[in-house]
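A, B, ... follow the sequence lines: proteins, then strands. Residue 1 opens every chain.
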Amino acid sequence: MTTLRFPLSRIEGHARVEMEVEDGKVVSAQFQAIEMRGFRYFMQGTPAEQMPVIVPRICGVCSTAHHVASVKALEDIFEVEPPELAKEIRELLLLGQLIQNQATSLFIFTMPDRVGASSIFHMDESEADPEQQLSLAQRALKVRQIGTKLITLAGGQFIHPIKAIIGGITSGIKKEDAEKMLSEVREMLPIACTLFDEYWEMSLAMRERIGTWGDDQPAFYIASTGRTRPQLNSDTIRVLGPDGAERASFPPHLIREYLDYQETEYSYSGQSSYQGQVLRANSLARMNLALSMGTPCADDYLDRLTSTFGKPAHPILLFDLCRGIEMVYAFERAIEILSKDLDYEDTDVPYTPKDGEGYGLVEAPRGPLVHHYTVKDGLIEDAEFIIPTVHNMLAIERALMVAGDRYVSPSGINLELEKAVGRVVRAFDPCIACATQ
Amino acid sequence: MSVTNQSLPRFAVLQLSGCAGCEVSLLNANEWVEKYQLVYMPLVVSTHTVPEDTEILLVSGGVRNDEDVYNLRRAVKIVDRVIAVGTCAISGGVANLGDRDEVREMFMSQANRHHLPHLLPKSRPIDAFVDVDLYLPGCPPTPELFMGALTGPENFQASSIVCQECGRKKLKDMRPKHLLGFQQGEVLPDICLINQGYLCVGSSTRGGCRAICTRPGHPCVGCRGPSDAYIEKESSVWFDRVQQVFERLTDIPPQEIYDALHSPQLSLFLFQFTDYMGNGGPTRPKEKVL
Ligand code: SF4
Ligand code: SF4
Ligand code: SF4
């Protein structure tokens with residue numbers, strides 16, 4: 001028996017893959033999260049109302065999602081409903097996060113795989129289109145920055161935002177600030193679309209070269225967005241069957257009842273499944289759920305995806321294309337929200353802290369994120385973080401086995417395997433800091 | 001930038017146990033792309049070790065497990081200059097909240113996995129293991145601060161404390177009688193948050209972040225750490241200083257402020273300050289802190 005160990009890069013956090021090979025066949029594939037800080041443990045005893053400031057530090061890539069989920073969990077306990085303006089600004093925050101994350105995954109994490117470079121900063125662009133004033137990398141960073149700017153505008157800080165508070169938000173957005181942002185988003189939308197078109201082309205070329213879109217066996221899907229348009233801030237989690245039919249829909253406090261969860265000895269992250277079956281979260285899950293995006297450009301892309309690959313679609317490299325569709329959607333939706341009046345008084349409602357148990361759900365870029373707190377005497381007695389990457393763990397391992405079967409044979413191990421491992425893992429865009437906290 | 005220019009100075013980013021927020025902030029500081037060559041940073045480059053001829057090493061995240069120790073020691077041997085970035089690398093950061101006996105016991109007994117990098121009893125700052133040439137505090141440091149650290153602190157202008165960058169006015173005649181805690185009511189623009197009853201510690205926190213929290217109305221939680229006046233002193237000195245500011249500007253009973261600052265809960269809130277003195281380790285001389 002031989003053990004192959006693959007270090008991983010261009011993902012969030014520290015993880016590696018171990019494959020065991022016996023008689024020219026891969027017999028197991030483990031995705032190992034190798035870091036852990038212990039938020040679940042050290043949050044105990046923290047004053048509940050401080051959670052929205054501390055928990056973004058679980059992850060600097062998804063801090064916005066944690067910030068909002070935390071506020072929602074406390075609102076659930078304190079029984080307060082934020083006003084409309086607060087909901088809109090929180091949505092804007094989550095859209096900024098979606099743009100930043102999907103652009104990072106598309107351009108910084110996975111585009112180098114498509115052109116055979118070690119990073120976006122090392123791509124050979126000597127044959128780049130001379131029509132384009134800026135290099136691919138420069139355009140990609142600019143598109144990504146729109147996400148950052150939106151988070152800053154709506155959240156006060158672009159990495160660990162602060163403006164969502166229990167009962168609402170600290171302030172609205174001034175008209176002139178909204179207009180300035182609006183014109184930047186409008187200006188960058190076509191650039192984002194062009195980049196995504198180039199990415200789509202590169203993906204097709206890569207498919208030609210490697211001959212596969214990766215693991216395309218059926219799976220269950222989990223998401224908390226809507227069918228007719230994405231809803232990043234909903235109260236319902238849905239599970240789709242491999243045929244695309246809805247199998248379950250439930251509020252966040254029932255998530256543990258619907259999903260099975262287990263810990264493993266080989267990883268600091270747990271794994272979840274649905275009735276013992278492989279479950280997938282993240283962009284492909286949402287696109288399999290969505291009948292439409294509700295915005296014109298994103299709908300065009302969704303139609304293109306559906307007409308090419310059907311619905312539900314299962315090949316894992318489509319996760320990457322779905323991220324592009326969502327990036328475009330987030331641009332368009334941000335334009336809609338920024339065009340409204342976001343500068344009026346009704347920012348928050350008063351609340352009275354109390355003890356109890358509560359849940360906060362948001363659709364993070366990687367899937368439904370749930371914060372579950374128990375508060376006693378104003379302090380956190382228990383904090384549970386139910387992380388979307390954890391729902392993808394079994395799906396990642398299955399896809400690794402598929403890649404292993406493809407590139408390992410009795411005659412030897414094809415050198416393409418290492419690249420395939422990277423592509424598989426990046427398709428799921430796992431976040432290890434979140435998965436292990 | 002079509003092909004990375006080989007003559008530019010080479011820098012690497014070693015990510016230990018952190019949240020990647022520091023790296024994301026660095027990515028937002030686009031300007032370095034023209035001036036430096038990034039040779040190692042697992043988040044964005046697939047190279048698996050720090051290459052031999054690297055000049056500058058940025059280290060983010062705290063030392064949480066034995067692999068962190070190994071990677072850190074190995075990397076600093078290669079480079080000329082080591083910069084500790086972010087609160088996690090400098091003081092252990094948010095993971096320091098676990099520095100309580102009962103938490104540590106539970107953590108060590110339940111969390112450790114035998115076949116994986118072994119967890120240390122607590123998150124440690126990197127200078128507990130290696131020498132550091134420059135400290136860049138912040139959680140995370142802003143892109144502007146990153147550029148300052150890379151190009152050299154002499155090129156970076158900052159005020160000594162957050163208050164000077166905040167622009168909110170401290171009033172003599174608006175004197176709250178109690179701390180508001182976290183029950184944020186409306187936040188008035190342009191007026192110091194202390195006058196409005198919030199526990200803002202900007203008055204003893206080092207400047208350079210341009211007061212990004214207090215301007216939109218959120219109290220400073222001190223992520224940039226103590227200002228030069230306090231950085232080489234016991235944490236009790238800056239506690240006293242914050243206390244004095246509140247006594248001068250408010251009618252909040254001194255005991256209430258004292259309790260707030262010293263209660264385990266609120267010192268959790270000010271997690272960024274814990275262990276700044278190095279806890280028996282080296283102090284961080286102000287000349288080395290940006
Ligand atoms: S200092 Fe803050 S932003 Fe940086 S890694 Fe630590 S928690 Fe994240
Ligand atoms: S105490 Fe806080 S709000 Fe007041 S001036 Fe200083 S930083 Fe600004
Ligand atoms: S205002 Fe305070 S908490 Fe906010 S970034 Fe500056 S130092 Fe950090």
Side-chain angles (χ1 to χ4, degrees), chain A residues 7 9-10 12-14 32 34-38 41-47 49-50 53-54 57-61 63 108-109 112 118-122 124-126 128 135 137-138 141 145 148 156-160 162-163 165-166 170-171 265-268 347-348 350-351 353 379 422 433, chain B residues 1-4 15 17-25 27-28 30 33 37-38 42-48 62 64-65 67 93-95 97-98 100 103 106-107 110-111 113-117 119 123 139-140 181-187 212-213 216-218 221 264-266 268-269 271:
Chain A
S9 57
R10 281 190 272 118
E12 194 301 314
H14 304 261
Q32 306 181 336
I34 56 176
E35 65 171 317
M36 173 178 199
R37 284 159 302 152
Y41 300 96
F42 59 67
M43 283 298 94
Q44 297 179 12
T46 306
E49 291 162 89
Q50 295 175 12
V53 182
I54 296 178
R57 271 89 184 167
I58 288 175
C59 176
V61 174
S63 53
I108 297 181
F109 294 170
S118 69
S119 90
I120 186 176
F121 305 111
H122 299 85
D124 180 358
E125 295 194 36
S126 46
S135 73
Q138 281 168 322
L141 290 179
Q145 228 171 29
T148 311
Q157 276 214 37
F158 71 100
I159 291 181
H160 299 314
I162 46 175
K163 273 178 69 170
I165 51 171
I166 304 160
T170 52
S171 57
E265 263 309 305
Y266 62 78
S267 173
Y268 283 118
T347 52
D348 60 324
Y351 67 90
L379 305 180
Chain B
M1 192 185 52
S2 56
V3 183
T4 311
Q15 306 166 220
S17 296
C19 83
C22 285
E23 292 83 343
V24 174
S25 185
L27 280 182
N28 284 352
N30 296 0
V33 173
Q37 245 188 101
L38 178 60
L43 186 70
V44 300
V45 187
S46 8
T47 314
H48 296 301
R64 194 78 197 78
N65 59 50
E67 197 165 286
V94 65
L97 296 179
R100 289 170 286 165
V103 177
M106 178 174 62
F107 181 67
Q110 296 179 16
R113 294 282 184 277
H114 293 293
H115 307 293
L116 295 175
L119 301 169
S123 181
C139 181
F182 272 72
Q183 293 195 53
Q184 304 228 3
E186 210 177 311
V187 177
I212 44 177
C213 303
H218 198 283
V221 297
Q265 289 80 9
L266 272 164
L268 283 186
F269 172 51
F271 60 86

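Atom-to-atom distance recorded for A:R57:CZ and B:C19:SG is 8.0 Å, nearest 0.5 angstrom.
Of all heavy-atom pairs spanning A:S171 and B:P216, the tightest one is OG-O, 4.3 Å. The shortest non-hydrogen separation linking A:F109 to B:L43 is CE2-O, 3.0 Å. When every heavy atom of B:R64 is checked against every heavy atom of A:M36, the shortest pair comes out as CG-O, 3.3 Å. Shown here for B:A20 and A:E12, the closest heavy-atom pair between the two residues is CB-OE2, 3.1 Å. In this structure, B:V24 and A:G60 approach most closely via the heavy-atom pair CG2-O, 4.0 Å.
Of the atoms belonging to B:E23, not a single heavy atom falls under 4.5 Å from chain A. Interface remark: A:I34 contributes backbone and side-chain atoms alike to the contact with chain B (heavy atom separation under 4.5 Å). Heavy-atom distances place the side chain of A:Q32, and not its backbone, under 4.5 Å from chain B. Both the backbone and the side chain of A:E265 have a heavy atom closer than 4.5 Å to some heavy atom of chain B. Looking at A:Y266, only its backbone comes within 4.5 Å of chain B, counting heavy atoms on both sides. For a residue to count as touching a neighbouring chain, one of its non-hydrogen atoms must lie under 4.5 Å from one of that chain's; by this rule B:R113 touches chain A with backbone and side chain alike.
Side-chain contact between A:H14 and B:P117: absent, with no pair of heavy atoms (C-beta onward) separated by less than 4.5 Å. For the pair B:C139 and A:H160, the minimum side-chain heavy-atom distance is below 4.5 Å. Residues B:V33 and A:L141 form a side-chain contact, since some pair of their non-hydrogen atoms from C-beta on lies under 4.5 Å apart.
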**Request:** Apply side-chain contact (heavy atoms from CB on, under 4.5 Å) to the pair A:V53 and B:H218, showing each step before the final yes or no.
**Result:** CA-CA 10 Å; A:V53 182; B:H218 198 283; 3.8 Å; yes

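Interface remark: of the candidates A:T148, A:I162, A:I58, A:I162 forms the most heavy-atom pairs closer than 4.5 Å to chain B. Listed options B:I212, B:N28, B:N65 were ranked by heavy-atom pairs under 4.5 angstrom with chain A; first place goes to B:N28. Ranking B:C22, B:S17, B:P42 against chain A, the residue ahead of the rest is B:P42, based on heavy-atom pairs under 4.5 Å.
The side-chain contact (heavy atoms from CB on, under 4.5 Å) check on B:H48 picks up A:P7, A:S9, A:E418, with sequence neighbours excluded.
The main-chain N or O of A:S118 is found under 3.5 Å from a side-chain atom of B:S46 such that the two form a donor-acceptor pair.
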